[in-house]
J.: 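I have a structure I would like to understand better, so I am pasting it below and will then ask my questions one at a time.
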Amino acid sequence: MKGEIEAMTQSGQPTYLIMLGAPGAGKGTQARLIEESLGIPQVATGDLFRYNLSKETELGLLAKSYMEKGVLVPDDVTVRMVEDRLSRPDCAAGAILDGFPRNLDQAAALDELLAKYNQKVSRAIYIRVEREDLIARLTGRRVCKSCQAAFHVIFNPPATEGVCDQCDGELYQRADDSRDTVEKRLEVYFEQTAPLIEFYKDKGVLVEIDGGLPIDQVQDEIIRAIREN
Ligand code: ADP
Ligand code: ADP
Ligand code: ZN
């Protein structure tokens, strides 16, 4: 199966996949699972902002107040960061965009950016999960300080409590995974990000996946969808 999927990325054309879905839908979890078989890296805007924040860069400090409130960081800053990331050598064959675009203006900016290189979005993978499940997933999420891998206290517990399975890093709870901020983030999602589902459906690149299934089954569904299209 791995070979067949690689064939998609070896067609000579870069592949740009978008992971679409609410906070907590499993975008990051799945992006990490498929990046190896696809041979293209996950580009997660939230991870990039948190990395900048941990290094106290200008970008990180700018993003901080927005992230704490659970609202979107301004588009110009976000788009510039993505443009910079996609121009790096490891993205030559494409990327799995996770957490970007998050509104229609960002989606238009991405199209414009890719058009400069004669490229377009290959597929938008929409992971659908019910609202109640999203809240349980987000409030129980634990993230690795070193490699950003996500675990869940009940649904995806690490082998040793508080320790990352991948790199032995320390797990922590994101401040914005608190109940109040989660509610705000979901509101922002349904208002600003959910319209992207129609946007990509209209372009004929949308694939809808039942994200309520266990992690490995969601992965199988995504891989099947990529192969079939
Ligand atoms: P997103 O990147 O969309 O915000 P994550 O991948 O970080 O979502 O997943 C959110 C939380 O839900 C994490 O704690 C993760 O371990 C857990 N999770 C991911 N996929 C599933 C799933 N299919 N079933 C149950 N829990 C999941
Ligand atoms: P989740 O995985 O739960 O969906 P992220 O890590 O993607 O959360 O995002 C965390 C925060 O980072 C968002 O609430 C927002 O403040 C900021 N952020 C991430 N991606 C974007 C984006 N594309 N545009 C604007 N803000 C973003
Ligand atoms: Zn780790």
Side-chain angles (χ1 to χ4, degrees), residues 18-34 42-53 59-60 62-82 85 96-107 109-110 125-130 133-158 162-177 181-182 184-189 192-193 196 209-222:
I18 293 174
M19 305 304 283
L20 198 56
K27 303 181 296 296
T29 300
Q30 295 300 329
R32 279 164 176 263
L33 288 171
I34 61 174
Q42 172 201 32
V43 169
T45 41
D47 287 352
L48 292 172
F49 283 133
R50 279 185 292 277
Y51 175 79
N52 275 279
L53 189 52
L59 173 65
L62 188 152
K64 186 173 192 263
S65 60
Y66 298 96
M67 296 175 79
E68 280 173 354
K69 291 191 201 95
V71 300
L72 298 185
V73 177
D75 289 344
D76 55 339
V77 187
T78 306
V79 170
R80 237 181 297 134
M81 178 177 76
V82 171
R85 181 68 189 87
I96 305 169
L97 289 165
D98 166 11
F100 180 91
R102 244 176 163 97
N103 61 30
L104 287 166
D105 285 341
Q106 290 184 8
L110 175 64
I125 297 168
Y126 166 43
I127 308 179
R128 185 175 30 81
V129 174
E130 297 302 321
D133 294 340
L134 294 169
I135 292 173
R137 286 188 187 187
L138 289 166
T139 51
R141 174 162 64 184
R142 299 291 182 272
V143 181
C144 175
K145 269 188 182 159
S146 308
C147 76
Q148 315 285 329
F151 296 86
H152 191 281
V153 288
I154 298 160
F155 308 137
N156 184 27
V163 182
C164 176
D165 287 351
Q166 319 281 319
C167 77
D168 286 341
E170 188 190 331
L171 302 185
Y172 78 108
Q173 181 168 22
R174 276 169 47 180
D176 62 345
D177 278 344
T181 317
V182 160
K184 182 65 195 171
R185 285 159 62 208
L186 290 177
E187 194 186 306
V188 168
Y189 168 77
Q192 302 186 42
T193 311
L196 293 180
I209 302 285
D210 178 1
L213 299 167
I215 292 173
D216 55 341
Q217 286 181 40
V218 176
Q219 185 192 359
D220 290 346
E221 293 291 314
I222 292 174

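One-based numbering, in listed order, for ligands and for the atoms of each.
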J.: Show the atom names and distances, to 0.1 Å, of all donor-acceptor pairs under 3.5 Å that link a side chain in residues 210-218 to residues at least two apart or in another chain.
T.:
residue : atom : partner : partner atom : Å
D210    : OD1  : G212    : N            : 2.9

J.: What's the spacing between L110 CG and T78 OG1 if we round to 0.5 Å?
T.: 12.5 Å
J.: For a quick test of reading the model, state the closest non-hydrogen atom pair linking R102 to Q106 and the distance between them.
T.: N-OE1, 2.9 Å
J.: Give the numbers and elements of all ligand 2 atoms closer than 4.0 Å to a heavy atom of K27.
T.: 4 (O)
J.: What heavy-atom pair brings H152 and F155 nearest, and what distance separates the two atoms?
T.: ND1-N, 3.0 Å
J.: What is the closest protein heavy atom to atom 14 (O) of ligand 1, and at what distance does it sit?
T.: F151 O, 2.7 Å
J.: Should P214 be listed as contacting ligand 1, given a heavy-atom distance under 4.0 Å as the test?
T.: yes
J.: Would I222 and M19 count as a side-chain contact (heavy atoms from CB on, under 4.5 Å) here? Give the steps.
T.: CA-CA 10 Å; I222 292 174; M19 305 304 283; 4.3 Å; yes
J.: Do any nitrogen or oxygen atoms of R141 come within less than 3.5 Å of a nitrogen or oxygen of ligand 1?
T.: yes
J.: Go through ligand 2 atom by atom and flag the ones less than 4.0 Å from a non-hydrogen atom of R185.
T.: 1 (P), 3 (O), 8 (O)
J.: What protein heavy atom sits nearest atom 24 (N) of ligand 1, and how far off is it?
T.: R137 NH2, 3.3 Å
J.: Among all protein heavy atoms in this structure, tell me which lies nearest to atom 26 (N) of ligand 1, with the distance rounded to 0.1 Å.
T.: F155 CB, 3.4 Å
J.: Which residue and atom name correspond to the protein heavy atom nearest atom 10 (C) of ligand 2, and how close is it?
T.: R174 NH2, 3.5 Å
J.: Quick one: which of K69, M67, R102 has a heavy atom closest to atom 5 (P) of ligand 2?
T.: R102
J.: Of the non-hydrogen atoms in C164 and A149, which two are nearest, and what is the gap between them?
T.: SG-CB, 4.3 Å
J.: With atoms numbered from 1 as shown, which atoms in ligand 1 lie under 4.0 angstrom from a non-hydrogen atom of A25?
T.: 3 (O), 8 (O)
J.: What is the closest protein heavy atom to atom 2 (O) of ligand 1, and at what distance does it sit?
T.: G28 N, 2.9 Å
J.: What protein heavy atom lies closest to atom 21 (C) of ligand 1? Include the residue and the distance to one decimal.
T.: I215 CG1, 3.4 Å
J.: Go through the steps to decide whether Q148 and Y51 satisfy the test side-chain contact (heavy atoms from CB on, under 4.5 Å), and finish with yes or no.
T.: CA-CA 10 Å; Q148 315 285 329; Y51 175 79; 5.6 Å; no
J.: Nearest protein heavy atom to atom 6 (O) of ligand 1, by residue and atom, and its distance?
T.: T29 OG1, 2.5 Å
J.: Nearest protein heavy atom to atom 4 (O) of ligand 1, by residue and atom, and its distance?
T.: G24 N, 2.8 Å
J.: Just jot down the salt bridge (charged side-chain N to carboxylate O under 4.0 Å, His left out) partners of R50, sequence neighbours excluded, or say none.
T.: D47
J.: Would R185 and D177 pass as an ion pair if we require N to O under 4.0 Å?
T.: yes
J.: Find the distance between CG (L104) and CG (L196) and round it off to the nearest 0.5 Å.
T.: 5.0 Å
J.: K27 side chain to A22 main-chain N or O, any donor-acceptor pair under 3.5 Å?
T.: yes
J.: Should one rank V71, L134, L72, T181 by closest heavy-atom distance to atom 16 (O) of ligand 2, which comes out on top?
T.: V71
J.: State which residues pass ring-ring contact (aromatic ring centres under 6.0 Å, His included) with Y172; sequence neighbours excluded, sorted by chain then number.
T.: none
J.: Report yes if G99 has an N/O atom closer than 3.5 Å to an N/O atom of ligand 2; otherwise report no.
T.: yes
J.: Just to confirm my output: which protein heavy-atom neighbour is closest to atom 8 (O) of ligand 1, and how far is it?
T.: G26 N, 3.1 Å
J.: Atoms of ligand 1 less than 4.0 Å from H152 heavy atoms?
T.: 14 (O), 16 (O)
J.: Answer yes or no: does an N/O atom from T45 fall short of 3.5 Å to an N/O atom of ligand 2?
T.: yes
J.: List every atom of ligand 2 that sits less than 4.0 Å from any heavy atom of P23, numbering the atoms from 1 in the order shown and giving each element.
T.: 3 (O), 4 (O)
J.: Nearest heavy-atom pair of A63 and V73: which atoms, and what distance?
T.: CB-CG2, 3.9 Å
J.: Below a 4.0 angstrom heavy-atom separation, can you tell me which part of L213, side chain or backbone, both or neither, approaches ligand 1?
T.: backbone
J.: With a cut-off of 2.8 Å, which protein N/O/S atoms are close to the Zn ion (ligand 3), if we only count those under it?
T.: C144 SG, C147 SG, C164 SG, C167 SG
J.: Which of the numbered atoms in ligand 1 are under 4.0 angstrom from any heavy atom belonging to N156?
T.: 16 (O)
J.: List the steps, then state whether side-chain contact (heavy atoms from CB on, under 4.5 Å) holds for V79 with F100.
T.: CA-CA 9 Å; V79 170; F100 180 91; 4.2 Å; yes
J.: Could you tell me whether some N/O pair between V73 and ligand 2 is separated by less than 3.5 angstrom?
T.: yes
J.: Counting from 1, what ligand 2 atoms have a heavy atom of T78 closer than 4.0 Å?
T.: 22 (C), 23 (N), 24 (N), 25 (C)
J.: I'd like to know if the side chain of R137 and the backbone of A25 have a donor-acceptor N/O pair within less than 3.5 Å.
T.: yes
J.: Test side-chain contact (heavy atoms from CB on, under 4.5 Å) on V43 and L48 and set out the steps.
T.: CA-CA 8 Å; V43 169; L48 292 172; 4.2 Å; yes
J.: Using a 4.0 Å heavy-atom cut-off, which part of K64 comes near ligand 2: side chain, backbone, both, or neither?
T.: neither
J.: Measure across Y66 and L72 and return the closest heavy-atom pair with its distance rounded to 0.1 Å.
T.: CD2-O, 3.5 Å
J.: Among all protein heavy atoms, pick out the one at the shortest distance from atom 27 (C) of ligand 2; state its residue, atom name and that distance to 0.1 Å.
T.: F49 CE1, 3.7 Å
J.: To the nearest 0.5 Å, how far apart are CG in L20 and CG in L97?
T.: 11.0 Å
J.: Under a 3.5 Å distance rule, please check whether Q173 uses its side chain to pair with a backbone N or O of T139 as donor and acceptor.
T.: yes
J.: Can you name the nearest heavy-atom pair linking T29 to A150, along with the distance?
T.: OG1-CB, 4.4 Å
J.: May I ask you to identify, for Q148, whether its side chain, its backbone, both or neither come under 4.0 Å of ligand 2 on a heavy-atom basis?
T.: neither
J.: So, do P158 and V163 sit near enough that their side-chain heavy atoms are less than 4.5 Å apart?
T.: no
J.: Looking at ligand 1, would A22 count as a contact under a 4.0 Å heavy-atom criterion?
T.: yes
J.: Would you say ligand 2 has an N or O under 3.5 Å from any N or O of D47?
T.: no
J.: May I ask you to list the atoms of ligand 2 that are less than 4.0 angstrom from any heavy atom of R50?
T.: 6 (O), 10 (C)
J.: With heavy-atom distances below 4.0 Å as the criterion, list the atoms of ligand 2 near Q106.
T.: 22 (C), 23 (N), 24 (N), 25 (C)
